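Contents: one structure, followed by commentary.
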There are 2 protein chains.
Amino acid sequence: MSITHLQSFVAVAEEGHVGRAARRLHLTQPPLSRHILALEDELGTPLFERVPRGMRLLPTGEALLHHARLILAEVEVAARTVREAARGSGAPKPPPA
Amino acid sequence: MSITHLQSFVAVAEEGHVGRAARRLHLTQPPLSRHILALEDELGTPLFERVPRGMRLLPTGEALLHHARLILAEVEVAARTVREAARGSGAPKPPPA
DNA sequence: GGTAGTTACGAATTTCGTAACAATC
DNA sequence: GATTGTTACGAAATTCGTAACTACC
């Protein structure tokens with residue numbers, strides 16, 4: 001389970017559509033579809049129901065969505081916190097000019 | 001920032017030593033060293049101080065360590081929760097035999 | 001000269017996008 | 001036949017490990 005796969009999963013869950021999610025992620029459909037298939041394979045269970053109009057979350061997918069959002073948010077916070085700590089402390093990489 | 005990089009970071013932080021962390025992760029030193037360098041590059045700041053005996057966390061690294069552990073734990077919970085939801089619901093991939 | 005991290009570089013793996021396919025209305 | 005997801009497949013990018021290098025006692 002990679003962060004990329006989780007970003008893909010959340011986008012498809014929110015759009016209900018691989019094509020739209022792909023455009024939102026600046027990606028084409030096939031790789032995005034593979035991300036979802038890889039995730040389902042790794043977890044050993046389908047996450048979406050394939051319906052004529054697109055992708056509908058299954059209960060397993062709903063369960064994942066909550067955690068996926070938490071993880072992605074926490075990743076954002078982590079990056080921001082480190083950058084702030086770098087400013088706070090002495091000598092950061094980008095020279096203060 | 002990938003989950004792999006975070007796992008590498010936590011291992012090095014806990015061991016204080018790239019070599020030992022690499023053995024723990026079943027990896028050689030160079031890729032592990034590159035993971036840390038990539039993370040530092042992405043965040044724009046060093047995370048460790050290179051000391052004669054190994055790697056010592058900087059304040060930036062301490063800040064990241066907390067979040068990294070949270071993220072990795074949350075990933076574990078996510079996987080477990082989905083697998084449990086799959087058992088709870090109807091038709092999982094692995095046939096119940 | 002031993003211990004530690006890093007850089008060079010070629011091989012293996014992964015991941016992408018285009019094209020072709022399958023399924024549903 | 002239009003719309004949607006998936007599979008095939010070759011090209012590009014990533015990542016690994018061995019070997020060589022650097023720095024510090």
Side-chain angles (χ1 to χ4, degrees), chain A residues 1-62 64-65 68 72 75 79 91 93, chain B residues 1-62 64-65 68 72 75 79 91 93:
Chain A
M1 170 157 29
S2 71
I3 288 171
T4 300
H5 286 173
L6 292 178
Q7 287 168 331
S8 295
F9 167 75
V10 171
V12 172
E14 288 177 357
E15 299 287 346
H17 190 117
V18 175
R20 275 194 297 274
R23 280 191 291 277
R24 172 169 142 189
L25 295 171
H26 304 292
L27 213 64
T28 55
Q29 286 90 338
L32 183 45
S33 176
R34 285 190 294 256
H35 292 179
I36 303 301
L37 292 169
L39 207 45
E40 291 179 325
D41 182 65
E42 180 183 350
L43 293 170
T45 184
L47 299 168
F48 293 96
E49 186 190 352
R50 276 70 173 172
V51 296
R53 282 289 161 197
M55 311 278 276
R56 253 190 79 209
L57 272 183
L58 291 171
T60 48
E62 304 259 18
L64 179 58
L65 184 55
L72 296 177
V75 166
K93 243 188 191 169
Chain B
M1 171 156 28
S2 71
I3 288 170
T4 300
H5 285 173
L6 291 178
Q7 287 169 330
S8 296
F9 167 74
V10 171
V12 172
E14 288 177 356
E15 298 287 346
H17 190 116
V18 175
R20 274 194 297 274
R23 280 193 292 277
R24 172 168 143 189
L25 295 171
H26 305 292
L27 214 65
T28 56
Q29 286 90 340
L32 183 45
S33 176
R34 284 190 294 256
H35 292 179
I36 303 301
L37 291 169
L39 207 44
E40 292 179 324
D41 183 65
E42 181 182 350
L43 293 170
T45 184
L47 299 168
F48 294 96
E49 185 190 351
R50 276 69 173 172
V51 296
R53 281 291 161 196
M55 310 279 276
R56 254 190 79 207
L57 272 182
L58 291 170
T60 48
E62 303 259 19
L64 179 58
L65 185 54
L72 295 177
V75 167
K93 244 186 191 170

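Just so you know, these numbers come straight off a predicted model, no measurement behind them. Protein chains get the first letters and strands the later ones, always in sequence-line order, with residue 1 at the start of each.
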By the 4.0 Å heavy-atom rule, please label B:Pro52 as base, sugar-phosphate, or nothing.
sugar-phosphate
Any salt bridge between B:Glu40 and B:Arg50, counting N to O under 4.0 Å?
yes
Just to verify, what does B:Glu14 make a side chain to side chain donor-acceptor pair (under 3.5 Å) with, not counting sequence neighbours?
B:Arg24, B:Arg69
Taken to the nearest whole Å, CD/A:Gln7 to C1'/C:dT15 is 15 Å
Determine the minimum heavy-atom distance between A:Phe9 and A:Ile36, stating which atoms define it.
CA-CD1, 3.7 Å
For atom CG of A:Leu27 and atom P of C:dT15, their distance in whole Å
12 Å
A:Arg34 has an atom CZ; how far is it from atom C1' of C:dT14, in whole Å?
10 Å
Using whole Å, report how far CZ of B:Arg20 lies from P of C:dT3.
13 Å
Above 12 or not: heavy atoms from other molecules or residues under 6.0 Å from CZ of A:Arg56?
no
Looking at every strand, decide which applies to A:His35 at a 4.0 Å heavy-atom threshold: base, sugar-phosphate, or nothing.
sugar-phosphate
Quick one, B:Leu65 with B:Leu47, criterion side chain to side chain contact (heavy atoms under 4.5 Å, CB included). Give me CA distance, side-chain angles, the key distance, then yes/no.
CA-CA 10 Å; B:Leu65 185 54; B:Leu47 299 168; over 6 Å; no
Does any part of the side chain of B:Val12, heavy atoms only, come nearer than 4.5 Å to the side chain of B:Ser8, both counted from C-beta?
no
Separation of A:Ile36 atom CD1 from C:dC16 atom P, in whole Å?
12 Å
Minimum heavy-atom distance between A:Ala68 and A:Leu6, given as atom pair plus value
CB-CD2, 4.1 Å
Heavy atoms under 4.0 Å, any strand shown: does B:Arg53 hit a base, just sugar-phosphate, or nothing?
sugar-phosphate
For the residue pair A:Leu32 and A:Val18, what are the closest heavy atoms and their distance?
CD2-O, 3.5 Å
Please report the distance, rounded to the nearest Å, between CD in B:Glu40 and P in C:dT6.
7 Å
Ranking A:Thr28 and B:Gln29 by the position along DNA chain C of their nearest nucleotide, the one closer to 5' is B:Gln29
Contact boundaries on DNA chain D for chain B, cut-off under 4.0 Å to non-hydrogen atoms
D:dC16 to D:dC25
Could you tell me the separation between the CZ atom of B:Phe48 and the CG atom of B:Leu57, rounded to the nearest 0.5 Å?
5.0 Å
Whole-Å distance separating the CG atom of A:Asp41 from the P atom of C:dT14
13 Å
What stems, by residue range, does DNA chain D take part in, given at least 3 consecutive Watson-Crick or G-U pairs under 3.5 Å?
C:1-25 with D:1-25
